[in-house]
**Student:** 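A single structure is presented below for examination.
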Amino acid sequence: PQQDGELTIPSGQSFQLKLTEYGLIDNLELQPAQRRAPAPNDVEIQVAAAGLNFRDVLNVLGLLKEYYAEHLGITHANQLTFGFECAGTVVAKGDNVSHLNVGDDVIATMLTDGVSRFVTTRSEFVIPKPAHISFAEAATLPLAFLTAYYGLHHLAKLQPGDKVLIHAAAGGVGQAAVQIAQKAGAEIFATASPGKWEFLKLQGITHLFNSRTLDFAQEIQQITNGEGVDVVLNSLNGDFIDKSFEALSSKGRFVELGKIGIWDTAKVKQRFPDAQYFPFDLGEVTKANPKFIRDIWMELSDRFTQTHFTPLP
């Protein structure tokens with residue numbers, strides 16, 4: 001139930017955001033929830049702020065309900081929870097957890113229920129919060145920066161002087177990628193809807209292209225005298241994939257963040273034999289290496305502490 005646009009907090013110690021029916025934001029409500037005591041490798045967090053991701057919106061609107069019914073057995077809206085990342089304070093921990101303590105301010109990711117009063121999750125997905133940023137700022141960090149940093153730094157190995165095409169540069173991952181590319185000394189080529197160009201110009205980006213048309217490939221080829229960009233960070237699908245490869249140099253690196261309709265490695269090898277292709281999913285990478293989040297965050301946290309990187313707006 002909502003009063004004056006605000007969700008009503010139910011009585012009791014714990015609650016979480018739930019959906020009564022697919023299709024409308026108004027169908028969201030806070031419902032009582034049971035706290036879960038941490039297992040030996042878990043921590044329980046009292047949530048101060050949760051990050052909102054586009055996939056949360058897709059979930060509310062029911063645009064992924066067929067996928068969830070087929071792959072996760074979720075057949076009704078009320079089975080869904082929301083929030084893939086959050087920031088808060090550790091209130092309990094399992095016996096095997098040594099790198100975190102009760103009272104620590106932390107950030108958690110790889111969640112499904114971050115929009116809750118209390119969250120219990122695996123400790124390897126929980127990382128210290130930089131002291132100088134707020135909980136709300138901290139909740140913007142993990143998915144966007146881990147995705148962009150892993151894609152550009154670890155896979156594409158972005159170098160000073162590289163030309164990099166960042167699609168949807170005004171979005172969450174896009175904004176993280178802009179900071180990472182600028183600190184790496186790369187030259188940025190960015191797509192966004194024209195209404196967001198002034199925002200990107202204020203960040204020093206001069207090569208801007210309309211993300212609503214396919215003209216960017218030809219325009220980039222003209223600007224680069226036919227050489228193309230060294231790296232593409234792609235999050236668009238359909239014909240945008242073809243055009244993004246056309247904007248790539250012959251021996252360039254293509255980092256694919258998309259899930260639907262993406263090219264397989266064989267197709268890339270056939271069409272662009274000298275290009276390097278890196279499709280990845282942060283969840284799959286983490287599943288293969290549970291320490292991945294902590295390892296990457298060790299690299300990132302120093303940059304936040306030294307204010308090389310700043311939280312998203």
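Here the structure is a predicted model, which is why all the values come from computation and not from measurement.
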**Student:** Can I get a per-line list of side-chain donor-acceptor pairs under 3.5 Å for residues 231-240, giving both atom names and the distance, sequence neighbours left out?
**Tutor:**
| residue | atom | partner | partner atom | Å |
| --- | --- | --- | --- | --- |
| Asn234 | OD1 | Leu236 | N | 3.2 |
| Asn234 | ND2 | Leu236 | O | 2.8 |
| Asn234 | ND2 | Glu256 | OE1 | 3.0 |
| Asn234 | ND2 | Glu256 | OE2 | 3.1 |

**Student:** Is it true that the side chains of Glu29 and Gln31 contain a donor and an acceptor less than 3.5 Å apart?
**Tutor:** yes

**Student:** Going only through I, L, V, M, F, W and Y residues with side-chain contacts under 4.5 Å, is there a path from Leu58 to Ile74?
**Tutor:** yes

**Student:** Would Phe82 and Leu80 count as a side chain to side chain contact (heavy atoms under 4.5 Å, CB included) if you check the C-alpha gap in whole Å, the side-chain angles of each, and the deciding distance to 0.1 Å?
**Tutor:** CA-CA 7 Å; Phe82 296 89; Leu80 280 175; 4.3 Å; yes

**Student:** Salt-bridge test for Glu44 and Arg35: reply yes if a basic N is under 4.0 Å from a carboxylate O, no otherwise.
**Tutor:** yes

**Student:** Would you confirm whether Ser211, through its side chain, and Ser193, through its main-chain N or O, come within 3.5 Å as a donor-acceptor pair?
**Tutor:** yes

**Student:** Find out whether Leu312 and Leu141 are in side-chain contact, i.e. whether some heavy atom of one side chain is under 4.5 Å from a heavy atom of the other.
**Tutor:** no

**Student:** Could you tell me if the side chain of Gln175 sits less than 4.5 Å from the side chain of Thr140, heavy atoms only?
**Tutor:** no

**Student:** Sub-3.5 Å donor-acceptor pair from the side chain of Asp56 to the main-chain atoms of Asn53, do we have one?
**Tutor:** yes

**Student:** Less than 3.5 Å apart, any donor N or O on the side chain of Tyr68 or Asn59 sitting next to an acceptor on the other?
**Tutor:** yes

**Student:** With rounding to the nearest 0.5 Å, note down the distance linking OH in Tyr150 to CG in Leu282.
**Tutor:** 9.0 Å

**Student:** Would you say the side-chain atoms of Trp197 pair up with the backbone N or O of Leu208, donor to acceptor, closer than 3.5 Å?
**Tutor:** no

**Student:** Is the number of heavy atoms from other residues, nucleotides or ligands under 6.0 Å of Leu202 CG greater than 12?
**Tutor:** yes

**Student:** Under 4.5 Å between side-chain heavy atoms, hopping through other hydrophobics if needed: is there a path connecting Trp297 to Val173?
**Tutor:** yes

**Student:** With side chains defined as the heavy atoms from C-beta onward, is the minimum distance between Ile45 and Val91 less than 4.5 Å?
**Tutor:** no

**Student:** Are Val229 and Ile188 connected, step by step, through hydrophobic side chains (Ile, Leu, Val, Met, Phe, Trp, Tyr) whose heavy atoms are closer than 4.5 Å?
**Tutor:** no

**Student:** Is Pro38 close to Lys93 at the side-chain level, that is, under 4.5 Å between some pair of heavy atoms?
**Tutor:** no

**Student:** Salt bridge between Asp42 and Arg36, side-chain N to carboxylate O under 4.0 Å?
**Tutor:** yes

**Student:** Checking Gln203 against Gln182: is there a side-chain donor and acceptor pair closer than 3.5 Å?
**Tutor:** no

**Student:** Side-chain heavy atoms nearer than 4.5 Å, only ILVMFWY residues, links allowed to pass through others: does that put Ile293 and Phe280 together?
**Tutor:** yes

**Student:** May I ask you to check whether His207 and Glu187 show a side-chain donor-acceptor distance below 3.5 Å?
**Tutor:** yes

**Student:** Would you check if the side chain of Thr20 reaches a backbone N or O of Asn27 as a donor-acceptor pair within less than 3.5 Å?
**Tutor:** yes

**Student:** Between atom OG1 of Thr147 and atom CG of Leu152, what is the distance when rounded to the nearest 0.5 Å?
**Tutor:** 10.5 Å

**Student:** Can you give me the closest heavy-atom contact between Leu165 and Ala247, atom names plus distance?
**Tutor:** CD2-CB, 4.4 Å

**Student:** Which atoms form the tightest heavy-atom contact between Ala139 and Ala49, and what is the distance?
**Tutor:** CB-O, 3.9 Å

**Student:** Determine, step by step, whether Thr191 and Asn210 satisfy the side chain to side chain contact (heavy atoms under 4.5 Å, CB included) criterion, reporting the C-alpha distance in whole Å, the side-chain angles of both residues, the deciding distance to 0.1 Å, and the verdict.
**Tutor:** CA-CA 6 Å; Thr191 66; Asn210 192 344; over 6 Å; no

**Student:** Name every donor-acceptor pair, under 3.5 Å, that has one atom in a side chain of residues 262-270 and the other anywhere in the protein, sequence neighbours excluded.
**Tutor:**
| residue | atom | partner | partner atom | Å |
| --- | --- | --- | --- | --- |
| Asp264 | OD1 | Ala266 | N | 3.3 |
| Asp264 | OD1 | Lys267 | N | 2.8 |
| Lys269 | NZ | Pro273 | O | 3.3 |

**Student:** Could you give me the CA-CA distance, side-chain angles and deciding distance for Val60 and Tyr22, then say whether side chain to side chain contact (heavy atoms under 4.5 Å, CB included) is met?
**Tutor:** CA-CA 6 Å; Val60 171; Tyr22 287 118; over 6 Å; no

**Student:** Counting C-beta onward and ignoring hydrogens, is there a side-chain heavy-atom pair between Pro10 and Phe15 closer than 4.5 Å?
**Tutor:** yes

**Student:** Please report the closest heavy-atom contact between Ala184 and Leu158, naming both atoms and the distance.
**Tutor:** CB-CD2, 4.0 Å

**Student:** Give the table of side-chain donor-acceptor pairs shorter than 3.5 Å for residues 102-118, with sequence neighbours excluded, one pair per line with atom names and distance.
**Tutor:**
| residue | atom | partner | partner atom | Å |
| --- | --- | --- | --- | --- |
| Asp104 | OD2 | Asn101 | N | 2.8 |
| Asp105 | OD1 | Thr89 | OG1 | 2.8 |
| Ser116 | OG | Gln16 | NE2 | 3.3 |
| Ser116 | OG | Asp113 | O | 2.6 |
| Arg117 | NH1 | Val47 | O | 3.3 |

**Student:** For Ala181 and Ile166, work out which heavy atoms get closest and say how close.
**Tutor:** CB-CD1, 4.2 Å

**Student:** With no hydrogens and no angle check, is any side-chain donor or acceptor of Asp162 less than 3.5 Å from a backbone partner on Gln159?
**Tutor:** yes

**Student:** Going hydrophobic residue to hydrophobic residue with side-chain gaps under 4.5 angstrom, can you get from Leu248 over to Ile241?
**Tutor:** yes

**Student:** Check whether more than 12 heavy atoms from other residues, nucleotides or ligands sit under 6.0 Å from atom CD of Gln79, and answer yes or no.
**Tutor:** yes

**Student:** For a side chain to side chain contact (heavy atoms under 4.5 Å, CB included) check, start with the C-alpha distance between His153 and Lys183, then their side-chain angles and the critical distance, and finish with the verdict.
**Tutor:** CA-CA 11 Å; His153 185 73; Lys183 290 301 179 184; over 6 Å; no

**Student:** Taking all non-hydrogen atoms of both residues into account, name the closest pair between Lys163 and Thr224 and its distance.
**Tutor:** CD-CG2, 3.8 Å

**Student:** Let me confirm one number: the CG-CD1 distance from Leu61 to Ile25, rounded to the nearest 0.5 Å.
**Tutor:** 5.5 Å

**Student:** Answer yes or no: are there more than 12 heavy-atom neighbours, outside Phe199 itself, under 6.0 Å from its atom CZ?
**Tutor:** yes

**Student:** Tell me, please, whether Phe135 has Lys129 positioned over its six-membered ring: NZ or CZ under 6.0 Å from the ring centre and within 45 degrees of its axis?
**Tutor:** yes

**Student:** Can you sort out the partners of Glu124 under salt bridge (charged side-chain N to carboxylate O under 4.0 Å, His left out), two or more places apart, ordered by chain and number?
**Tutor:** Arg122

**Student:** Please report the shortest heavy-atom distance between Ala169 and Leu200, naming the atom on each side.
**Tutor:** O-CD2, 3.8 Å

**Student:** Just verifying a value: how many Å separate Glu85 CD and Leu146 CG, rounded to the nearest 0.5 Å?
**Tutor:** 9.0 Å

**Student:** Taking atom types as modelled, find out whether Ser244 and His167 have a side-chain donor-acceptor pair closer than 3.5 angstrom.
**Tutor:** yes

**Student:** Quick check: do Phe304 and Phe145 have side-chain heavy atoms less than 4.5 Å from each other?
**Tutor:** yes

**Student:** Residues in salt bridge (charged side-chain N to carboxylate O under 4.0 Å, His left out) with Asp230, at least two apart?
**Tutor:** none

**Student:** Rounded to the nearest 0.5 Å, how far does NZ of Lys65 lie from CG of Leu72?
**Tutor:** 15.5 Å

**Student:** Indicate yes or no for a side-chain donor-acceptor contact from Gln221 to the backbone of Glu246 under 3.5 Å, with no hydrogens or angles considered.
**Tutor:** yes

**Student:** Tell me if the centroids of the rings in Phe278 and Phe254 come within less than 6.0 Å of each other.
**Tutor:** no

**Student:** Test: side-chain hydrogen bond (donor to acceptor under 3.5 Å, both in side chains). Region: residues 271-294. Which pairs qualify, not counting sequence neighbours?
**Tutor:** none

**Student:** Side chains of Leu17 and Thr81: does their closest heavy-atom pair fall under 4.5 Å?
**Tutor:** no

**Student:** Below 30° counts as parallel, above 60° as perpendicular, anything between as tilted: where do the rings of Phe245 and Phe272 land?
**Tutor:** parallel

**Student:** Less than 4.5 Å apart, side chain to side chain, heavy atoms only: is that true for Asn78 and Leu19?
**Tutor:** no

